[in-house]
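First listed ligand is number 1; within each ligand, the first listed atom is number 1. Residue numbers run from 1 in the order of the sequence given.
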Amino acid sequence: MQRRLRNEPSSLKELGNLAEAAGYTVVAVVDQVKKANPRFQIGRGKVKEITQLVKKHNAEKIVFDNKLKSVQAYNLAKETGVEAVDRFQLILEIFTHRASTTEAKLQIQLAKLRYELAHAKEKVRLARMEEQPGFMGLGAYEVDVYHEAVQRQVHTIQKRLEKIKRKRDLHRKRRQELGFSSVSLAGYTYAGKSTLFNLLVQEAVPTGGGLFTTLSTTTRIFDLLGKRVLLTDAVGFIDRLPITLIDAFRSTLEETVFSDLILLIIDASESLENIKKKLLVSLDTIQKIGAHGIPFRFLTSKTDLLSELEVQKRKEALKDLASTIIPISALCNRNISLLKQELSKRLSNYVHATFSIPLSDETLSFLSWLFNYADVKNVKYENDYAEVIFEAVPSFIDKVLGRVEKYNGIVKEVVESK
Ligand SMILES: Nc1nc2c(ncn2[C@@H]2O[C@H](COP(=O)(O)OP(=O)(O)OP(=O)(O)O)[C@@H](O)[C@H]2O)c(=O)[nH]1
Ligand SMILES: [Mg+2]
């Protein structure tokens, strides 16, 4: 169900997809163009219509695209006989089913509790104004007690999350100390991020399970035309992502915030209007999570579903929002080598260095460390020396060459790699 004003677009298709991702079957779709009604959100006549539809289809839930106030949800449930939830609650339901890591689960729990807190406040207000004394069985005193209990729970979860975050920060720091550049995939949910990720790193992360298939972050090393690069797949974006969820997922998107380059994926198979809307939402979310300083590259995905002409038309229509776009198809392996070349150009600040070092227990363990943390191209052993050629990002090269000198080695050549 969506109530909207005449100039507002319909979001019912996406709402239906969200409902399916939450495991429901959509049996009826209802739209109303009207101003909000404080009692039900929609007009009384529409409530009657929905009540009949609920009976006819034996429906178990009504899902609203609009935000529902507690009192509206209560009144709707009383009239129709089934529960009425809003878009935010539906998204929370999907996340609850699909969260797999402890961190994701705690984040969802936190978002839920914050939602409850916001609504408890409304209940307190209602009780105090005596509009609805004892609304839903809660008097003002009980609501206060409940409010405090929820706040305590929020506090406990926040502490547990901080602990996990500190651990993750350490992992990320360790990764940042690697000699590789990092690239993150970002974009609207269902844009095709994980499909491209799987193709590039030969992985098998889940794809295509509806909206929000990916809820946690995966990072893998991949070979980019001879350069080793870290690639990250992460949770997708959505329009009107509630602020409590943005907060919750900002930490999941930290890899994106700290990467060297973002690949912003745009599903090209949709209508131009939807493409633009989703692109704007993605750019806005990138801003909100604090990743706007990072260089971008735009990709249009799923181009196998379009003619060459349509692909070009979309590119042209988007040129004010996304200056250069690489059209790809991960399913049909289209333009993937072009993408790799572009990426390689963008990440061309790798440095190629050659050094020679006397062999000892100490330097052998240094060399094995180097094998793990940088891209070693060649090692030659001669007499008591090893000659090593490797590539890495400049900050890492300085660290390595400092250690080479400490072990009485000789730096033979340092050049920008091609
Ligand atoms: N035809 C076609 N379909 C594609 C292509 N890439 C992805 N898809 C399909 O698009 C759907 C969504 O793909 P995913 O890779 O799961 O999308 P995602 O961006 O990771 O989605 P979330 O994790 O839910 O945010 C799947 O059904 C894919 O098979 C493509 O190049 N061509
Ligand atoms: Mg995914």
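Of the protein's non-hydrogen atoms, G208 CA, 3.5 Å is the one closest to atom 26 (C) of ligand 1. Nearest protein neighbour of atom 7 (C) of ligand 1, counting heavy atoms only, is T195 OG1, 3.3 Å. Looking at atom 24 (O) of ligand 1, its nearest protein heavy atom turns out to be T213 N, 2.7 Å. Among protein heavy atoms, atom 2 (C) of ligand 1 sits closest to L331 CD1, 3.4 Å. Atom 5 (C) of ligand 1 has its closest protein heavy atom at K302 CG, 3.5 Å. The single protein non-hydrogen atom nearest to atom 19 (O) of ligand 1 is K193 NZ, 2.7 Å, given as residue, atom name and distance.
The aromatic rings of F390 and F355 sit perpendicular, their planes meeting at an angle over 60°, well past the 30° parallel limit. Using cut-offs of 30° and 60° for the angle between ring planes, the F298 and F296 rings count as perpendicular. In this pair, F95 and F212 present their aromatic rings perpendicular. The plane angle is above 60°, beyond the 30 to 60° band.
Among the atoms of P206, none of the N or O lies under 3.5 angstrom from an N or O of ligand 1. Looking at ligand 1, you won't find any N or O of C332 less than 3.5 Å from one of its N or O atoms. For the pair S329 and ligand 1, the shortest N or O to N or O distance falls below 3.5 Å. Looking at G192 next to ligand 1, an N or O pair under 3.5 Å apart turns up.
Residue-ligand proximity, G236 to ligand 1, at heavy-atom distances under 4.0 Å covers atoms 25 (O). Short contacts between ligand 1 and L305, defined as distances under 4.0 Å to a heavy atom of the residue, involve ligand atoms 1 (N). Close approach of ligand 1 to S194 (heavy-atom distance below 4.0 Å) involves ligand atoms 15 (O), 18 (P), 20 (O).
Taking each heavy atom of D65 and Q2 in turn, the nearest pair found is OD2-NE2, 3.6 Å. Taking each heavy atom of E79 and T51 in turn, the nearest pair found is O-CG2, 3.7 Å.
Here the CG atom belonging to L261 is positioned 10.5 Å from the CD atom belonging to E342, to the nearest 0.5 angstrom.
Using a cut-off of 2.8 Å, one finds that S194 contributes an N/O/S atom close to the Mg ion (ligand 2). Among the atoms of T214, an N, O or S atom is found under 2.8 Å from the Mg ion (ligand 2).
No more than 12 heavy-atom neighbours from other residues, nucleotides or ligands sit within 6.0 angstrom of CZ on R160.
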Exercise for the section: Any chance you could lay out the side chain to side chain donor-acceptor pair (under 3.5 Å) test for Y24 and E93, step after step, and finish with the verdict? Expected result: CA-CA 11 Å; Y24 297 109; E93 242 181 83; 2.5 Å; yes
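If you check the side chains of T303 and S329, you find no donor sitting under 3.5 Å from an acceptor.
The residue among T214, T303, I336 with a heavy atom at the shortest distance from atom 23 (O) of ligand 1 is T214. Taking all heavy atoms of I94, D267, D304 into account, the minimum distance to atom 32 (N) of ligand 1 is reached by D304. The nearest non-hydrogen atom to atom 22 (P) of ligand 1, considering only Y190, Y188, F197, comes from Y190.
Within the 4.0 Å heavy-atom shell around ligand 1 one finds A330.
A cation-pi arrangement is present between K227 and Y350, with the terminal nitrogen or guanidinium carbon under 6.0 Å from the aromatic centre and inside a 45° cone about the axis.
The residue from R314, K278, K302 that alone fulfils the side-chain hydrogen bond (donor to acceptor under 3.5 Å, both in side chains) condition with E270 is K278.
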